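Here the structure is a predicted model, which is why all the values come from computation and not from measurement.
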Amino acid sequence: MKITIVTVGKIKEKYLRDAIGEYSKRLSKYCKLEIVEVADEKTPDNASETMEKIIRDKEAERILKYVREDAYVVTLEIGGKMLDSVEFSRKLENLGIQGKSHILFIIGGSIGLGEAVLKRSDFPLSFSKMTFPHQLMRVILLEQIYRGYRIMAGEPYHK
């Protein structure tokens, strides 16, 4: 299976890059992983709703360039469906059984995802009602994908 993570913005912090590198290495045993970073737009302080929509739309345009027609698209959204780790693992496994060979996860920027990306989503996923920095969310997502594959394989890790 191929897993692609399309994310807005670059990771500047070394500790996050190290964690992403570690989980990417661990996942290489289970899937083909690709991480795509698209440029983020600077959001002015006190930006109007109209300005935020323009920013989300520009980022959405960049994101959608990497969304292939045959990909199963999972968007990370606060209002998405919450799954526990076992349910998430089953979701990944069932997608494979259904013949989905490419799962594409999308992590938006600091003000969320544009409408065009939300419309393309096959499954909105939420990790919490809390808001996380999108840079940290990449690490959390990779860890959960890794945990999901370990659960599928019946390997010790998930407690």
Measuring from [X]:[atom1] to [Y]:[atom2], what's the distance to the nearest 0.5 Å?
X   : Y    : atom1 : atom2 : answer
L95 : I3   : CG    : CD1   : 8.5 Å
I20 : E13  : CD1   : CD    : 9.5 Å
L27 : L33  : CG    : CG    : 6.0 Å
C31 : K2   : SG    : NZ    : 11.0 Å
D70 : S101 : CG    : OG    : 6.0 Å

Heavy-atom pair with the smallest gap, counting every atom of [X] and [Y]:
X    : Y    : result
G114 : A60  : CA-CB, 4.0 Å
S89  : G148 : OG-O, 2.7 Å
P44  : I55  : CD-CD1, 4.1 Å
A19  : V139 : CB-CG1, 3.8 Å
M152 : L92  : CE-CB, 3.6 Å
A39  : R62  : O-NH1, 2.9 Å

(request) Please determine, by modelled atom types, if S85 and Q144 share a side-chain donor-acceptor pair under 3.5 angstrom. (result)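 Per modelled atom types, S85 and Q144 side chains form a pair under 3.5 Å.
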
(message) For a quick check under 3.5 Å, do T7 and H134 share a side-chain donor-acceptor pair by atom type?
(response) no

Would you mind checking if [Y] and [X] are paired as a salt bridge, meaning a charged N to carboxylate O distance below 4.0 Å?
X    : Y    : value
E155 : K29  : yes
R138 : E37  : yes
R26  : E22  : yes
E143 : R147 : yes

Within the side chain of [X], is there an N or O that forms a donor-acceptor pair under 3.5 Å with the backbone of [Y]?
X    : Y    : value
R56  : E115 : no
S121 : F123 : yes
E59  : E41  : yes

Could you state whether [X] and [Y] fall into the same hydrophobic cluster, counting links through intermediate Ile, Leu, Val, Met, Phe, Trp or Tyr residues with side-chain heavy atoms under 4.5 angstrom apart?
X    : Y    : value
L142 : L136 : yes
F127 : Y146 : yes
Y15  : L141 : yes

(message) Can you confirm whether more than 12 heavy atoms, excluding those of K91, are under 6.0 Å from its NZ atom?
(response)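 Counting other residues, nucleotides and ligands, NZ of K91 exceeds 12 neighbours.
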
(request) Take atom CE of M51 as the centre, draw a 6.0 Å sphere, and report whether it contains more than 12 heavy atoms from other residues, nucleotides or ligands. (result) no

(request) Please write out which residues are connected to L113 in a hydrophobic cluster, directly or through intermediates, given that two of Ile, Leu, Val, Met, Phe, Trp, Tyr count as joined at side-chain heavy-atom separations below 4.5 angstrom. (result)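 Via sub-4.5 Å side-chain contacts, L113 links to V6, V8, V36, V38, I63, L64, Y66, V67, V73, L104, I106, V117, L118.
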
In the structure I gave you, are the side-chain heavy atoms of [X] and [Y] within less than 4.5 Å of one another anywhere?
X   : Y    : result
M82 : K129 : yes
T4  : H102 : yes
S48 : K53  : no

(request) Could you point out which residue of L76, I107, V74, I103 forms a side-chain contact (heavy atoms from CB on, under 4.5 Å) with I5? (result) I107

(request) In sequence, state the C-alpha distance, the side-chain angles, and the governing distance for D40 and S110, and then conclude on side-chain contact (heavy atoms from CB on, under 4.5 Å). (result) CA-CA 9 Å; D40 57 344; S110 60; over 6 Å; no

(request) Measure the acute angle between the ring planes of Y149 and Y30, then classify it against the limits of 30° and 60° as parallel, tilted or perpendicular. (result)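 Parallel.
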
(message) Let's go through K32 and M1 carefully: what are the C-alpha distance in whole Å and the side-chain angles of both, what is the deciding distance for side-chain contact (heavy atoms from CB on, under 4.5 Å) to 0.1 Å, and is it a yes or a no?
(response) CA-CA 6 Å; K32 182 179 181 338; M1 173 156 314; over 6 Å; no

(message) side-chain contact (heavy atoms from CB on, under 4.5 Å), that's the test. Do I145 and F88 meet it? Break it down for me.
(response) CA-CA 8 Å; I145 294 169; F88 182 68; 4.0 Å; yes

